[in-house]
Amino acid sequence: MRSLDEWLEGRARAIARNTSRRTFLARLGGVLAGGAALPLLPVSRSSAGTGSAGPDSARVPAPDETITGPEGDPKSCEYWRHCAIDGSACACCGGSSTTCPPGTEVSPVTWIGTCRNPADGKEYLISYNDCCGKTFCGRCLCNRNEGERPEYHWYRNNDINWCAGATSQVYNCSIAVVIGQATERQPEK
Amino acid sequence: MRSLDEWLEGRARAIARNTSRRTFLARLGGVLAGGAALPLLPVSRSSAGTGSAGPDSARVPAPDETITGPEGDPKSCEYWRHCAIDGSACACCGGSSTTCPPGTEVSPVTWIGTCRNPADGKEYLISYNDCCGKTFCGRCLCNRNEGERPEYHWYRNNDINWCAGATSQVYNCSIAVVIGQATERQPEK
Amino acid sequence: MRTSPSSPPPVVPLFALLVAAFCLAAPLAAEAPREKASVATLPPMGAHSVWVPDRLTLHNVLFDGDSGEVLGMVDSPSLITPKTPLLVRSRNEIYSVDIAHSRGTRGERVDFVSVYDATTLSFKHEIVFPTQSGSSNTSQQYAELIGERFIGVFNQFPNTSVAIIDLVEQRFVEEIVITGCAGVYPIDAHRFASLCGDGTSIAIELDESGSYKQLSRSAPFFDVIEDPVAMSAGRSELRWTFVSFAGQVHTIDYSEATPTVAASWSLTDEADQSDRWRPGGLQYVAVHRKSGRLFVVMHQGGPGSHKDAGPEVWVWDMATQQRVSRFESPNLTAAFLGSFMGVTEDSFLHGVLNWVLPSGGIHTIAVSQDESPVLFVRNGMLGAVGVLDATNGNSLRSLTEAGLSGPTLRVP
Amino acid sequence: MRTSPSSPPPVVPLFALLVAAFCLAAPLAAEAPREKASVATLPPMGAHSVWVPDRLTLHNVLFDGDSGEVLGMVDSPSLITPKTPLLVRSRNEIYSVDIAHSRGTRGERVDFVSVYDATTLSFKHEIVFPTQSGSSNTSQQYAELIGERFIGVFNQFPNTSVAIIDLVEQRFVEEIVITGCAGVYPIDAHRFASLCGDGTSIAIELDESGSYKQLSRSAPFFDVIEDPVAMSAGRSELRWTFVSFAGQVHTIDYSEATPTVAASWSLTDEADQSDRWRPGGLQYVAVHRKSGRLFVVMHQGGPGSHKDAGPEVWVWDMATQQRVSRFESPNLTAAFLGSFMGVTEDSFLHGVLNWVLPSGGIHTIAVSQDESPVLFVRNGMLGAVGVLDATNGNSLRSLTEAGLSGPTLRVP
């Protein structure tokens with residue numbers, strides 16, 4: 001029976017922690033990483049399209065994905081790319097870490113986080129695109145708030161429903177796309 | 001810790017029992033009790049209005065409501081009038097056993113059950129009116145299926161959303177109005 | 001719209017910060033094409049897929065019963081219970097019979113069929129229809145395909161009727177009144193049956209365009225007062241098998257012009273009856289066509305217990321009318337709570353959960369129609385679906401985080 | 001519509017049965033006027049009422065904090081978090097800022113204010129507006145009354161802006177762009193403030209008709225990178241008190257033309273800081289105006305923990321900047337699960353639940369503004385709200401079956 005106590009306590013901790021997992025994602029337009037012009041408005045209409053900017057043929061440093069355990073599992077909140085995710089992981093919703101579930105739309109604007117890959121020890125820039133147009137997936141709710149900021153600092157806020165920038169503003173889940181390698185961590189703590 | 005086991009078991013039993021508490025109410029038009037013409041269709045448009053038919057001035061046998069415990073509590077599923085309720089008890093939703101919550105509408109058609117009052121030992125006809133026009137209350141979910149029948153025997157079916165007969169077809173909760181005294185129990189078991 | 005005359009906030013300095021922070025490193029050894037966000041498509045629909053509706057989120061989730069993974073979702077706006085999607089393989093389309101209001105739960109009501117591409121799950125178009133589809137808790141046989149061309153939608157108000165939708169012409173055809181009857185039980189490309197309050201079943205034939213052509217009625221085969229049959233039923237080709245509250249099995253054959261009634265038989269023997277075993281639940285009857293196996297959720301109860309969850313699924317050979325198996329319910333409470341606790345199914349902890357937590361039992365079942373069938377089982381109040389080997393009842397896995405509440409399941 | 005030519009099912013015999021069964025007895029001794037179904041109205045809004053939003057049902061439930069009873073509900077269709085209703089006593093009206101789609105979660109989006117009678121809770125009319133209101137998890141200061149005549153709605157796309165709705169003229173006035181700023185913090189009948197990414201607060205003044213008149217900006221008072229202030233804040237007359245992630249208190253006075261910044265002070269002393277106490281949650285700041293008490297949810301954490309639930313609410317006298325109390329969180333997990341188990345709050349079993357089940361902590365608080373204030377506390381993932389005596393932290397009761405999920409509370 002002792003274990004049951006522990007589960008209950010674990011569950012309560014999960015309740016406490018997971019509440020903000022229900023918060024909803026907000027990220028800086030992927031356009032920034034491509035070096036395009038700074039969007040003065042929260043949504044740069046010119047950034048419409050899929051999140052990762054730049055020509056398809058571009059080759060970039062590739063992370064080592066041979067990781068065992070939760071840090072290597074895109075369905076886990078502990079997946080290494082999920083260091084700044086906020087919402088349902090699309091890998092649990094019919095998508096993957098880089099594909100939205102069937103019938104949804106990739107949000108044109110994203111927030112970018114910097115996550116450390118435990119296999120190669122390098123920091124990567126991650127674009128967290130929302131997948132939009134079907135109602136809330138609800139599975140694999142994940143959240144971390146390191147560096148998260150209130151709505152007046154919009155490109156660091158993860159409460160906002162960033163599907164508001166998409167054709168349909170209904171939030172389904174979030175993906176985590178590697179768009180490059182970073183040399184240092186973000187300034188916000 | 002033994003008690004915790006019991007609660008969990010009780011909870012599981014509640015889960016098993018309560019599922020059909022989410023089923024939704026269906027009752028015979030209150031018009032029947034008033035001796036009006038038999039509605040050949042599920043909804044008698046002529047029965048529109050509040051559920052209990054007959055002139056307001058009519059005096060009817062009154063049940064003894066001086067009952068202690070859950071059988072006397074309109075917020076309890078065990079309330080004596082709730083012997084055939086199916087849905088949220090309106091007394092938990094801003095109404096009472098005979099009043100719909102503020103801003104809702106009384107469904108014009110109802111199903112009638114026969115409940116025994118434990119204080120006076122008599123059987124009373126109960127009209128279960130749905131309250132409609134606001135979304136699901138969700139509190140105090142109650143259900144009993146004695147005498148309940150599938151949809152082809154519509155006036156004994158409690159799965160149907162009887163708000164479908166109201167102006168707004170959105171179900172909020174259910175009330176239990178005494179409309180008379182019965183001499184025997186319903187034939188359906 | 002008016003722009004405030006204040007100077008814009010200092011976004012440019014922030015940009016400088018960002019550039020410093022997000023500075024891209026020079027390419028290193030390991031390189032690959034830049035990742036690109038994209039949208040997945042569905043794999044070909046496997047035999048062990050299942051639609052799981054959720055009343056609170058108002059969508060249907062498509063699970064792969066073999067991997068336990070979610071393949072996709074279809075939104076299913078509704079008043080109470082979302083209707084499960086309908087698949088037509090020849091057109092590669094999925095249909096959802098939906099209800100919406102112009103202002104959420106207020107405003108004008110609209111009833112419509114949403115049409116989705118079955119590979120991309122993208123919305124294609126909608127077919128609005130003028131009747132109001134039935135809305136209930138259990139929703140058994142409320143919206144069904146009639147052949148591949150038509151959908152029949154069961155309406156309850158202002159009369160019981162069936163609305164015929166032509167999926168090819170993308171139009172509402174007409175409303176066929178079936179006073180005193182309920183449900184859409186598909187027979188063939190132009191016929192469907194209903195159950196009636198006088199203890200009969202009617203078969204309604206449509207003409208080529210989907211309009212009413214003719215009706216035939218079976219002899220009475222059940223007594224609505226004494227022992228009614230449930231709406232939940234099992235289909236095998238041109239026959240439907242109905243099960244009464246007390247466990248009597250009635251099979252109706254619709255292959256002739258007039259539905260014919262086979263001799264009924266009982267699910268339970270005297271020993272079962274003295275132990276008060278009887279069928280019950282929400283969608284508690286299923287048939288595997290090729291093997292002729294009948295699956296029914298069973299519990300110990302009495303009059304009025306017909307919606308109680310059951311701890312077992314019993315299996316019969318319909319040809320011999322003999323019971324061949326009793327399957328125990330997996331512990332869906334443990335599966336549901338375990339997934340929230342992050343306990344994996346093969347772990348020791350999960351085993352302990354299974355042992356400690358009492359099972360909530362089964363309300364609803366659905367069986368796949370392939371040669372190695374699986375039986376999906378759910379409790380209407382738990383967001384977990386059990387997958388059993390339908391040949392021996394072995395618990396294979398659980399489909400977890402499957403919403404919060406729903407009375408039905410559908411194998412596409 | 002077409003009627004089937006079959007003979008109607010035998011309803012009349014069933015009617016005969018019904019008459020036999022439901023036969024009314026001759027009047028007996030005890031008689032009373034026939035009961036009549038009717039619709040309740042709200043009592044006058046008490047000081048201890050509270051709106052509890054639920055994300056899954058998409059409505060707000062009005063509880064009486066003294067009796068623990070539900071008084072009524074207002075539907076609140078939304079994309080994520082329902083906004084809490086706004087009460088104007090002088091017109092006896094309640095306003096809900098809503099979002100709906102023409103086909104549930106698909107189709108055309110419409111943004112509107114639903115207007116309800118505050119006594120009957122009946123829908124009166126709606127005011128559709130052309131901007132798209134912000135939709136987020138926490139939704140702090142997303143839709144607020146500006147005086148009694150206007151509502152300011154915070155929009156995020158395609159730019160941050162505030163839509164002004166005239167409740168008297170029942171019309172959208174205009175959209176005021178506030179690039180780089182966020183939130184609607186009401187000041188007086190024609191002014192509201194926002195927080196800005198450059199560490200300032202702006203005050204925007206409207207003219208008589210609700211159109212933009214002028215803007216003033218405070219000096220910078222916080223650093224968005226090093227220690228930002230939360231959107232959750234407490235109002236006392238013409239001042240707003242903001243609390244930073246690390247626990248620094250910034251009070252801005254909007255009584256002059258230009259907002260003035262008071263010297264900041266810290267919630268925590270060195271001992272607290274070495275124990276890592278800091279504010280956090282979702283709506284975690286509240287002010288009781290008359291007493292000048294500041295309530296903040298506190299937890300032990302560090303950078304990135306600012307949305308964690310806290311086990312305590314600390315109370316300060318804002319005049320002296322001294323902490324006067326520490327309130328412990330009631331066990332909301334026990335309240336939530338206990339209500340599902342049917343355990344009454346004064347029972348022994350409830351006591352045991354309180355002892356066995358770990359508390360999930362508090363994300364959100366709201367305080368009533370009367371002389372004997374109560375503090376409402378909730379965990380965003382639990383459908384139970386605690387009611388504390390705001391003068392001493394004693395747990396008075398729980399509001400149970402209060403939905404499933406929601407980050408906010410509002411005292412009307």
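In the text below, chain A, chain B and the rest are named by the order of the sequence lines, each starting its count at 1.
For R106(D), no part lies under 4.5 angstrom from a heavy atom of chain A. Both the backbone and the side chain of L195(D) come within less than 4.5 Å of a heavy atom in chain A.
A distance of 10.5 Å separates CG in L79(D) from SG in C132(A), rounded to the nearest 0.5 Å. Interatomic distance, N137(D) CG to I160(A) CD1, rounded to the nearest 0.5 Å: 11.5 Å.
When the candidates H306(D), H101(D), Q132(D) are compared by the number of heavy-atom contacts under 4.5 Å with chain A, H306(D) comes out ahead. In terms of heavy-atom pairs under 4.5 angstrom with chain A, the leader among G310(D), A182(D), G134(D) is A182(D).
Partners of S78(D) by side chain to side chain donor-acceptor pair (under 3.5 Å), not counting sequence neighbours: none found. Residues passing the side chain to side chain donor-acceptor pair (under 3.5 Å) test with Q283(D): none are found, sequence neighbours excluded.
Contact record, A230(D) with P150(A): CA-CG, 4.3 Å, taken as the closest heavy-atom pair. Minimum heavy-atom separation, A164(A) to F157(D): CB-CD1, 3.2 Å. The nearest pair of heavy atoms linking H153(A) to V224(D) is CG-CG2, 3.4 Å. Closest of all the heavy-atom pairs between Y142(D) and E151(A) is OH-OE2, 2.6 Å. Closest of all the heavy-atom pairs between G304(D) and N145(A) is O-CB, 3.3 Å.
Proximity of V229(D) to Y152(A): side-chain heavy atoms (C-beta onward) are separated by under 4.5 Å at one or more points.
Within a 6.0 Å sphere centred on CD of E65(A), heavy atoms belonging to other residues, nucleotides or ligands number more than 12.
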Between D159(A) and K307(D), is a side-chain contact (heavy atoms from CB on, under 4.5 Å) present by the stated rule, with each step listed?
CA-CA 11 Å; D159(A) 285 329; K307(D) 288 182 192 165; 2.9 Å; yes
